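As the structure is a computational prediction, the values presented were derived from the model and not from experiment. For this chain, numbers begin at 1 and follow the sequence in order.
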Amino acid sequence: MLSDVIKNLKTTDLPATYGSWQAGQVPALPYLVVRETDPDVVYGDDGHLYTARNYTIEMYFEKKDPPTEMKVESFLDAYGPWSVGEDIYIDTDRMYERDYFLQDKGD
């Protein structure tokens with residue numbers, strides 16, 4: 001799923017990468033950074049049932065743009081349960097960060 005998420009995030013028209021952008025390769029705002037976080041491993045009587053992969057999709061932007069947020073959120077609707085955090089201003093970089101949390105249940 002991770003490779004699909006990164007590849008298909010391009011449908012949002014925002015640059016996306018995993019982990020971080022390399023020095024000198026950071027695109028203009030807005031852009032996305034994807035990280036895999038702690039998976040939820042589910043067990044039953046007979047052993048491992050499935051692993052739900054959890055991802056954080058960080059959106060960095062200079063000013064609030066609801067249509068861009070709607071593109072990202074429409075994309076997330078196609079993948080599974082998701083939630084969103086608050087906008088956080090990063091004073092040292094003079095930009096905002098908004099984190100989206102996505103879970104792939106492994107169905």
Side-chain angles (χ1 to χ4, degrees):
M1 178 179 166
L2 178 60
S3 61
D4 288 340
V5 169
I6 295 169
K7 179 178 75 176
N8 292 329
L9 274 170
K10 296 185 187 319
T11 64
T12 65
D13 297 324
L14 297 175
T17 192
Y18 183 82
S20 65
W21 294 96
Q22 294 189 2
Q25 300 297 316
V26 180
L29 295 171
Y31 60 80
L32 303 169
V33 175
V34 180
R35 298 180 195 280
E36 186 171 356
T37 58
D38 294 334
D40 295 327
V41 180
V42 179
Y43 293 94
D45 292 337
D46 295 329
H48 180 259
L49 294 176
Y50 68 89
T51 300
R53 302 283 176 194
N54 297 307
Y55 304 96
T56 299
I57 299 172
E58 303 164 357
M59 182 172 72
Y60 295 93
F61 58 97
E62 189 173 27
K63 62 181 180 172
K64 191 82 170 159
D65 184 10
T68 298
E69 292 172 13
M70 298 270 278
K71 282 184 181 181
V72 173
E73 292 169 8
S74 292
F75 166 83
L76 293 170
D77 286 339
Y79 276 93
W82 63 273
S83 61
V84 63
E86 64 183 291
D87 294 347
I88 299 170
Y89 186 69
I90 305 170
D91 192 45
T92 55
D93 295 320
R94 297 187 349 230
M95 66 181 174
Y96 291 89
E97 176 183 349
R98 170 176 261 214
D99 292 341
Y100 292 94
F101 308 99
L102 174 64
Q103 184 178 71
D104 169 28
K105 290 191 170 187
D107 297 332

Subject >> Arg98 side, atom CZ; Glu58 side, atom CD - distance, nearest 0.5 Å >> reply: 13.5 Å

Subject >> Parallel, tilted or perpendicular: ring planes of Tyr96 versus Phe61, cut at 30 and 60 degrees >> reply: parallel

Subject >> Pairwise side-chain contact, Val84 with Leu76, heavy-atom cut-off 4.5 Å (strictly under) >> reply: no

**OP:** Scan Val33, Thr12, Asp99, Thr68 and name whichever one has a side-chain contact (heavy atoms from CB on, under 4.5 Å) with Met59.
**Re:** Thr68

Original post:
Out of curiosity, does Ile6 fall in the hydrophobic cluster containing Leu102 (side-chain heavy atoms, cut-off under 4.5 Å, transitive links)?
Top reply: yes

**OP:** State, to 0.1 Å, how close Pro30 and Pro15 come at their nearest heavy-atom pair, and which atoms those are.
**Re:** O-CD, 3.5 Å

Original post:
At what distance, to the nearest 0.5 angstrom, does CZ of Phe75 lie from CD1 of Ile57?
Top reply: 5.5 Å

Original post:
Above 12 or not: heavy atoms from other molecules or residues under 6.0 Å from NZ of Lys7?
Top reply: no

Subject >> Pairwise side-chain contact, Ile90 with Tyr60, heavy-atom cut-off 4.5 Å (strictly under) >> reply: yes

Original post:
Are any of the side-chain heavy atoms of Arg94 and Tyr89 separated by less than 4.5 Å?
Top reply: yes

**OP:** Might you point out which heavy atoms bring Tyr18 and Glu36 nearest each other, and give the distance in Å?
**Re:** OH-N, 3.2 Å

Original post:
Are Glu73 and Tyr100 linked by a side-chain donor-acceptor pair shorter than 3.5 Å?
Top reply: yes

Original post:
Does Leu29 belong to the same Ile/Leu/Val/Met/Phe/Trp/Tyr cluster as Val26, with side-chain heavy atoms less than 4.5 Å apart forming each link?
Top reply: yes

Subject >> Side-chain (Asn54) to main-chain (Asp38) donor-acceptor, under 3.5 angstrom >> reply: yes

Subject >> 4.5 Å side-chain heavy-atom contact, Phe101 and Thr56 >> reply: yes

Original post:
How many angstroms lie between NZ in Lys71 and CG in Asp65, if you round to the nearest 0.5 Å?
Top reply: 8.5 Å

